[in-house]
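By convention in this document, chain letters (A, B, ...) are assigned in the order of the sequence lines, proteins followed by strands, and residues within each chain are numbered from 1. Values below: all heavy atoms of this structure, side chains included; hydrogens, waters and symmetry mates excluded.
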There are 2 protein chains.
Amino acid sequence: MTIPRPLPSELPENITLEMVARTAGVSPATVSRILNRSARVSERKRAAVEAAIKALNYRPNALARGLAQGRTNSIGVLTQDIASPFYGEALRGIENALKDTGAIPLIVSGHWLLRDEVERLEHLLSRRVDGLIVLTGSLPDEMLLRYATEVPLVVTGRDLEGPNLMSLRFDDYLGARMATQHLIDLGHQRIAHVAGPLDHFDSIERLRGYREALVDAGIEPDDDLVVHTDFHEPGGLLAINQLIAARKPFTAVFAANDQSAFGARLALHSHGIRVPEDISVVGFDDLPVSNYVVPPLTSVKQPAYEMGEIAARALVGMIHGEPVKGHLPQPELIVRASSRPLRR
Amino acid sequence: MTIPRPLPSELPENITLEMVARTAGVSPATVSRILNRSARVSERKRAAVEAAIKALNYRPNALARGLAQGRTNSIGVLTQDIASPFYGEALRGIENALKDTGAIPLIVSGHWLLRDEVERLEHLLSRRVDGLIVLTGSLPDEMLLRYATEVPLVVTGRDLEGPNLMSLRFDDYLGARMATQHLIDLGHQRIAHVAGPLDHFDSIERLRGYREALVDAGIEPDDDLVVHTDFHEPGGLLAINQLIAARKPFTAVFAANDQSAFGARLALHSHGIRVPEDISVVGFDDLPVSNYVVPPLTSVKQPAYEMGEIAARALVGMIHGEPVKGHLPQPELIVRASSRPLRR
DNA sequence: CAGAATATTGAAAGCGCTTTCAAGGCGCAA
DNA sequence: TTGCGCCTTGAAAGCGCTTTCAATATTCTG
């Protein structure tokens, strides 16, 4: 099950630092010093070494370096789905923040499965990453705290205090309140909620925000208008079909994320229900594509890209030993064409 | 600019294989043999070692292993944009194919910039990846051939023969022909094309397919109906706005990828033009989300996921030293609601 | 039961780099 | 000229693992 060694082939032999040293007529130590700018070296030797590096086309071996230094210049990133549009933005942010630090992100996916998440984290740790970013997921807090004893760790999607650990949580509750309030302000009373999975902290918070906004507006929350699904398009579609089949009247939908909002919107469409004329739809996340669907989707902006940047920067700070704090921006409602005042 | 060593802190000391050996009362060699199943070991020692591993919570150091073995069980993947929905699917395929090989993909992004691509590849090579998957990009063929002398390489999006190298190309030309032919079959004659960048091989091929389908159907291609853009939503939107501003009549749009089709569709919408009633739209790629936009998008299915799987499997084969050939499925047109017969 | 063949084990030499330590070179002051 | 301090340099030890080689233990054959 493991990949065996490469063929003993005619591939060009590996150029080592020692060969560079020999052709430049200096010691390996000197070459290392030049490579790492870790000590001053006479101009003559420096020139000779640089020439040798060029001539031999030398490329330092990061493994050997890491082994010797006890540091790899890599950070582990646990995402949940490598193709998720939301986490994809976060990854972009991480990549960008890391760009000039010389560090490289090692990205692995946990698929929202505890087993996979643990396995992948272990894998990253055995590669001796300098730090870890955990994008949400389903690891219990205690495990995260334990991992944080091994390596600096930043986790998103939850509140958690601990040594060597920073957490970054978006205010899902407030975001959901804002979305729901927006619909209420437009005159909607019967607002359905396409919720996320019950075992996701964010779903629960969003559901709570939805509920409390209703209550505070004097609207009795109706559990029959809430359908839990999986944060994906098909789920949103099925949810709406279910609601329609149950003949529960509603004039607006608040979906717990944009992907399920897309599914919901399609379900409405195929029932001949127009958005926003007949029913308003509001999503959550504000994916890049949400500005380009028809009609453009009103959504709570979750700053995924910034979240990635903040997480990465904070982690680098922690690795440096600087005590850091980063904070996520407040929720913001982006109003587009998918929501409009209730016709009466 | 580089990340300095971790703080000299109270973190639990690193457990090494040697410590395992000592507590189990065996030699390091024996522990290694057990870890790698590389030789048979008596039951007693095996049990002792396994107990020690558990007790100490030992986690092998992948760097040391890689250094000693000359192999890292990691493969480098150069994508272009970590958040691209299309390449995201390919990454999923790669991840999946690699899952049980023990190898891990190191994913880096080239952003369609030669400079970034080279820099990232060098980075991967200095980490001594066992192989390389290059998802399209803008590296000249010669460079790829040169990289292939260092490490097995699979490249997508082009035809290239060479030792230690495999290329995987989708038939963009045929796909574009099929899309265009579909519109022609529906009675459309004035078919606009939202093309991709002129310096992308795939765009050129798709443009060619579009053109030749028209010619073969006896329709004179009209260059004024072709607008080049960047494969993204805003580009598609602008392209259609431009076409409409130029008052060039058309009854159908073939977009060179789904993302620009989304933009195009929104532009039509905001001009009060209905899809498919007034104008048919066909995309290319068949992104997962294309089945959930309104109306669901007719599109040429590009098997991104499978492409990733095939590439990864082929690469693993090459690393094993097996001469492999993989092949991409033929283009397939997925007809959905965004295209319909021309009203006359 | 001797001797040969085989199975199991450990010592030790690397893998390619960094880093400590000490030595040698140099300039300068006295 | 001698002596001192500072710079630059190289030797060598190590990072944590694998793997060869040889030694020892075990089993088998006749």
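- Scanning residues 21-36 of chain A for heavy-atom distances under 4.0 Å to DNA chain C yields A:A29, A:S32, A:R33, A:N36.
- Not counting sequence neighbours, A:R128 has no partner by the side-chain hydrogen bond (donor to acceptor under 3.5 Å, both in side chains) test.
- Side chain of A:Q80 to main chain of A:W112: a donor-acceptor pair is present (N/O by atom type, distance under 3.5 Å, no hydrogens or angles).
- A residue-by-residue look at B:A64 and A:S42 shows that A:S42 has its nearest nucleotide of DNA chain D further toward the 5' end.
- Side-chain atoms of B:D130 do not come within 3.5 Å of backbone N or O of B:R71 as any donor-acceptor pair.
- Rounded to whole angstrom, the span from the CD atom of A:E18 across to the P atom of D:dA12 amounts to 13 Å.
- Rounded to whole angstrom, the span from the CG atom of A:L63 across to the C1' atom of C:dC15 amounts to 10 Å.
- Nearest nucleotide to the side chain of B:Q69, out of D:dT19, C:dT18, C:dT9: D:dT19.
- Listed by chain and number, the residues in a side-chain hydrogen bond (donor to acceptor under 3.5 Å, both in side chains) with A:D116 are A:H111 (sequence neighbours excluded).
- Atom pair A:R127:CZ and D:dC15:P shows a separation of 22 Å (rounding to whole Å applied).
- In this structure, CD1 of A:I15 is placed 15 Å from C1' of C:dC17, rounded to the nearest angstrom.
- In this view, A:H123 satisfies the ring pair (Phe, Tyr, Trp, His ring centres under 6.0 Å) rule with no residue, not counting sequence neighbours.
- With sequence neighbours left out, B:N36 forms a side-chain contact (heavy atoms from CB on, under 4.5 Å) with B:S32, B:S38, B:R65, B:Q69.
- Residue B:L67 contributes atom CG, which lies 12 Å from atom P of D:dC17 at whole-angstrom precision.
- Rounded to whole Å, atom C1' of D:dC15 lies 16 Å from atom CZ of B:R65.
- We find that CG of A:L17 is positioned 12 Å from P of C:dT19, with the value rounded to whole Å.
- Following rounding to the nearest Å, A:N61 (CG) and D:dC15 (P) show an atom-to-atom distance of 18 Å.
- Listed by chain and number, the residues in a side-chain contact (heavy atoms from CB on, under 4.5 Å) with A:L67 are B:N61, B:A64, B:L67 (sequence neighbours excluded).
- Comparing A:R59 and B:A39 along DNA chain C, the residue whose closest nucleotide (by nearest heavy atom) sits nearer the 5' end is B:A39.
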